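Okay, structure first, notes after.
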Number of protein chains: 2
Amino acid sequence: MGLRHAVLAALLDGAATGYELSKNFDVGMAEFWHARRQQLYAELTKLEQAGLVSGREIIQQGRPNKRVQSLTEAGRAELAEFAATPSDPQFLRDDLLVKAYAVDVTDGSALIDQLAQRAEQSQIKIARLDRVLARLSGNDEDAFLADAERIGPYLTAVRGRMFEEETIRWCTWAMQVLRKRQGGTPDN
Amino acid sequence: MGLRHAVLAALLDGAATGYELSKNFDVGMAEFWHARRQQLYAELTKLEQAGLVSGREIIQQGRPNKRVQSLTEAGRAELAEFAATPSDPQFLRDDLLVKAYAVDVTDGSALIDQLAQRAEQSQIKIARLDRVLARLSGNDEDAFLADAERIGPYLTAVRGRMFEEETIRWCTWAMQVLRKRQGGTPDN
DNA sequence: CTACACATGTAAACGGTTACATGATTAT
DNA sequence: ATAATCATGTAACCGTTTACATGTGTAG
């Protein structure tokens, strides 16, 4: 099961509406999970029916009413059970890699452009993640990791940061390789 | 479009049957794309109808007939166009990260076990990728990258290797953090 | 007056996984 | 005998994406 447990995990940060969750899925969990708003609403409906979250309607003036969802005990239990079952190994699945695989019969310059663009995007993500990490840990990472009540989001943000850095490293290397080839064979 | 272009890219390595492709998707493209056999047969049917691949029936004795698919010019053109259009930024989507995110309210030891297991799996993948890389490049990587006709599969295998190494580094670090916490707070 | 934030949903289409079906040959 | 390899598919299901639908309040 996928989104189900991601939603339950997100609700550990506190009760939230579908609308609020959809933002957290663009920030806190953004590195490892995306979900559209519609999907979250649908999932929350299912989770509520299953008793894993409980929703409270909040009537508002001047703006639409909202439904705040919080984890139930059953939800926590479900999450704990999920955490204890082994995970499948994962893989990348990235369009850019398909393009790299095909580079020998396609336009190398186009790939170089996309590698540069991807590296830039990763740089931006790193800057954002650094702010997230600093906000979570303050200025003493070791102390934070040793004592804080909640380190899960920090662990995942670190993974995200490593991933983005690795992406930049690979893009840079691949660009170098491709540029050398273009420069070295002016006959084409 | 996803699988569509992954299949076209895989066919750059030569004409193949759905059955053969499904193996290549377990080896050459394994780092960045998985596909079930059924999915490949379905996709090849669609691609053939669209004229992007052309199949030739081969009658065999003593074993089932097979249908060898090869890229058409239209298929190459489609792949080139795909390679030239910008890619969406990607992300991870990994159960293990959801579990890490939730670690503060679940069983830390269970996560440590899974981190260890993941690190082992990555180690195995690295060994396999090293064989792939060595087979592709021979003993002189620089010369290979400068002169070889086909370097796409090498570029992607390198990305896969980096990714697995990074996975191990993160797992090791996270395990250390979690172990220190368990050791340091014997009151729980 | 334009755009964005708040707030929740439905419907259709697409993509991927799981289960089922068939049947000969070859290796242990 | 048993299992694996060769070889292709269908059907049902579930998860995700895209498009559509609605309406107020606030900031530029």
Side-chain angles (χ1 to χ4, degrees), chain A residues 1-8 10 15-27 29-30 32-50 53 55-69 82 87-95 98, chain B residues 1-8 10 15-27 29-30 32-50 53 55-69 82 87-95 98:
Chain A
M1 282 265 145
L3 180 58
R4 187 187 189 83
H5 298 110
V7 169
L8 293 174
T17 66
Y19 191 82
E20 284 161 355
L21 275 181
S22 83
K23 288 191 174 167
N24 192 25
F25 271 77
D26 285 347
V27 185
M29 319 198 81
F32 62 98
W33 211 285
H34 283 323
R36 310 268 161 211
R37 282 195 310 285
Q38 305 94 312
Q39 223 183 323
L40 290 169
Y41 289 126
E43 195 65 44
L44 286 171
T45 306
K46 276 194 245 166
L47 286 169
E48 217 184 330
Q49 278 163 9
V53 304
R56 219 160 25 91
E57 185 86 15
I58 295 191
I59 283 93
Q60 299 190 118
Q61 248 100 20
R63 53 182 58 188
N65 296 340
K66 61 184 182 182
R67 194 167 182 83
V68 178
Q69 304 280 359
F82 164 71
S87 330
D88 294 343
Q90 85 221 287
F91 56 97
L92 280 162
R93 181 163 312 203
D94 181 355
D95 273 1
V98 178
Chain B
M1 283 265 142
L3 180 58
R4 185 186 190 83
H5 297 110
V7 170
L8 293 175
T17 66
Y19 191 81
E20 284 162 354
L21 274 181
S22 84
K23 288 192 173 164
N24 192 24
F25 271 76
D26 285 347
V27 185
M29 318 200 82
F32 62 99
W33 211 285
H34 283 325
R36 311 266 159 212
R37 281 195 313 283
Q38 305 94 311
Q39 224 183 322
L40 289 169
Y41 289 126
E43 195 64 43
L44 285 171
T45 306
K46 276 194 244 167
L47 286 169
E48 217 182 332
Q49 278 162 8
V53 304
R56 219 160 27 92
E57 185 85 18
I58 295 191
I59 283 91
Q60 299 189 116
Q61 247 101 21
R63 52 183 59 187
N65 296 341
K66 61 183 178 181
R67 193 165 182 83
V68 178
Q69 303 281 358
F82 165 71
S87 331
D88 293 345
Q90 80 215 294
F91 55 98
L92 282 164
R93 180 163 313 201
D94 182 355
D95 273 1
V98 177

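So that the names make sense, note that chain A is the first sequence line, chain B the second, and so on, each numbered from 1. All of these numbers come straight from a predicted model, not from anything done at the bench.
Here the P atom of nucleotide C:dC20 and the CZ atom of B:R36 are 15 Å apart, to the nearest Å. Going from atom CD of B:E43 over to atom P of D:dT8 covers 16 Å, rounded to whole Å. The separation between A:K46 atom NZ and D:dG15 atom C1' is 8 Å, rounded to whole Å. As rounded to whole Å, 13 Å separates atom C1' of C:dA7 from atom CG of A:L21. Computed from coordinates, the A:K66 NZ to D:dG25 P distance equals 16 Å when rounded to whole Å. B:L44 has its CG atom 13 Å from the P atom of D:dT10, to the nearest Å. One interatomic measurement links the two molecules: CH2 of A:W33 to P of D:dT16, which rounds to 6 Å at whole-angstrom precision. Per the geometry, CD1 belonging to B:I58 stands 15 Å off C1' belonging to D:dT8, to the nearest Å.
In terms of phosphate contacts, A:Q39 brings a side-chain nitrogen or oxygen within less than 4.0 Å of OP1 or OP2 of D:dT17. Distances shorter than 4.0 Å separate none of the side-chain N or O atoms of A:R37 from OP1 or OP2 on C:dT8. Contact check, B:Y41 against D:dG9: no side-chain N or O comes under 4.0 Å of OP1 or OP2.
Between B:L8 and B:F82 the shortest side-chain heavy-atom distance does not fall below 4.5 Å. Two residues are said to be in side-chain contact when any heavy atoms from C-beta on lie closer than 4.5 Å; B:L3 and B:L40 meet this criterion. Under the 4.5 Å side-chain criterion, counting only non-hydrogen atoms from C-beta, A:R93 is not in contact with B:F32.
The shortest heavy-atom contact between B:M29 and B:A10 is SD-CB, 3.4 Å. Nearest heavy-atom pair, A:V53 versus A:L44, reported as atom, atom and distance to 0.1 Å: CG2-O, 4.1 Å.
Projected onto DNA chain C by closest heavy-atom contact, A:Q38 and A:R63 fall at different nucleotides, the more 5' of which corresponds to A:R63. Nearer to the 5' terminus of DNA chain D, by closest-nucleotide assignment, is the contact made by A:H34 (compared with the other of A:Q61 and A:H34).
Residue B:T17 is in sugar-phosphate contact alone, with no base atom involved, counting any heavy-atom pair closer than 4.0 Å across all strands shown.
Counting only heavy atoms from C-beta on, A:P64 has its side chain closest to D:dG23 among D:dT16, C:dT8, D:dG23.
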